[in-house]
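In what follows, chains carry the letters A, B, and so on, assigned in the order in which the sequence lines appear, proteins first and then strands, with residues in each chain numbered from 1.
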Number of protein chains: 2
Amino acid sequence: MNAEFINPFISALINVMSTMAQIELKPGKPKRKSDDKAGGDISGLIGMVGENIKGSLSISFEENLVLEIMDKMLGERPASINADVKDMVGEITNMICGGAKNELSQKGFEFGMATPMVVSGKNHTVDHQVDGKKIILPFSHISGNLYLEMCFND
Amino acid sequence: MNAEFINPFISALINVMSTMAQIELKPGKPKRKSDDKAGGDISGLIGMVGENIKGSLSISFEENLVLEIMDKMLGERPASINADVKDMVGEITNMICGGAKNELSQKGFEFGMATPMVVSGKNHTVDHQVDGKKIILPFSHISGNLYLEMCFND
């Protein structure tokens with residue numbers, strides 16, 4: 001898994017947040033994931049399957065940031081994570097993966113996307129079960145942090 | 001989504017539990033899922049992608065049952081859910097989906113499986129974001145319950 005493959009996911013995330021929610025994310029330092037904490041309070045998950053690609057992606061949001069995104073995108077700010085927030089996280093996950101998929105397709109990487117799943121709950125953990133490396137990319141905003149995690153079988 | 005498609009997942013689950021862990025599960029009444037509670041304390045999730053199939057599956061275990069399975073399969077019973085239990089749940093999810101995939105392939109349904117993800121945390125919720133129906137199948141055992149959930153875009 002190299003930068004050529006990861007960068008389209010990063011640009012898709014930054015673009016979706018900027019254009020849909022006027023939220024400018026500040027990328028942090030990527031790292032290999034060593035524990036399995038999701039990092040956030042709600043996570044969007046999606047599986048990817050191609051002839052030579054098999055993996056999973058998660059985007060984990062801190063509660064305050066996801067409520068800010070909800071407010072900016074849909075003009076409503078619920079007191080806590082509710083069904084509408086979960087739907088929005090599913091949509092965002094789909095959009096980011098779809099954006100990266102389109103860009104990667106032009107570079108000759110083809111894969112299909114499964115349907116997104118949204119997990120929530122304080123202190124939940126997401127453990128991607130892959131043989132290959134797990135990369136976690138932190139992004140920060142004044143409202144809170146989010147974590148993009150990508151895992152592929154080599 | 002009809003019985004012909006769902007039944008291979010049910011038989012794979014019952015077979016894997018019976019042969020790998022000598023655990024005989026009692027199937028309950030399938031229902032449409034109305035809320036998004038996972039039902040268990042640890043869930044294995046996997047995405048499926050085919051030309052005409054797109055969906056996700058989760059298998060959610062109550063803690064006491066998953067520890068019993070761990071004990072039966074690997075001869076060790078940790079005090080609570082740990083990294084080994086998570087790996088086992090990932091393996092089980094993979095085996096069940098793989099078993100169903102083989103059987104469905106013989107019936108002409110072809111799909112690829114993404115890599116499994118394992119979510120844990122008390123009171124976590126898993127919300128499958130699909131346009132189609134969500135079916136939840138409860139199974140019971142003296143040690144605890146598990147819930148197989150399958151969702152596909154129609």
Handout entry: Region of B:D87 that comes under 4.5 Å of a non-hydrogen atom in chain A
Key = both

Problem - Close contacts, residues 95-107 of chain B versus chain A, judged by heavy atoms under 4.5 Å - result: none

Problem - Contact leader toward chain A among B:T93, B:V89, B:V49, B:L45, where contacts are heavy-atom pairs under 4.5 Å - result: B:V49

Practice task
Return yes if some donor-acceptor pair links the side-chain N/O of A:S18 with the main-chain N/O of A:I14 below 3.5 Å, else return no.
Solution key: no

Practice task
Using a cut-off of 6.0 Å, state whether more than 12 heavy atoms not belonging to B:Q22 lie near its atom CD.
Solution key: yes

Exercise for the section: Determine yes or no for a side-chain-to-main-chain donor-acceptor pair under 3.5 angstrom, with A:E149 supplying the side chain and A:S58 the backbone. Expected result: no

Problem - Pairs flagged by ring pair (Phe, Tyr, Trp, His ring centres under 6.0 Å) wherever residues 101-120 of chain A is involved - sequence neighbours left out - result: A:F5-A:F109

Handout entry: Same cluster (ILVMFWY, side-chain, under 4.5 Å), B:V130 and B:L137
Key = no

Problem - Flag if over 12 foreign heavy atoms under 6.0 Å of CE, B:M73 - result: yes

Exercise for the section: Identify the heavy atoms of B:K86 and B:V118 that sit nearest to each other, and give their distance. Expected result: O-CG2, 3.4 Å

Handout entry: Criterion side chain to side chain donor-acceptor pair (under 3.5 Å) on A:T115 and B:H128, from CA distance to verdict
Key = CA-CA 7 Å; A:T115 46; B:H128 296 259; 5.9 Å; no

Problem - Selection from B:G50, B:G55, B:G47 maximising heavy-atom pairs under 4.5 Å formed with chain A - result: B:G55

Problem - Heavy-atom pair count under 4.5 Å with chain A, highest-scoring of B:G112, B:G44, B:A114 - result: B:A114

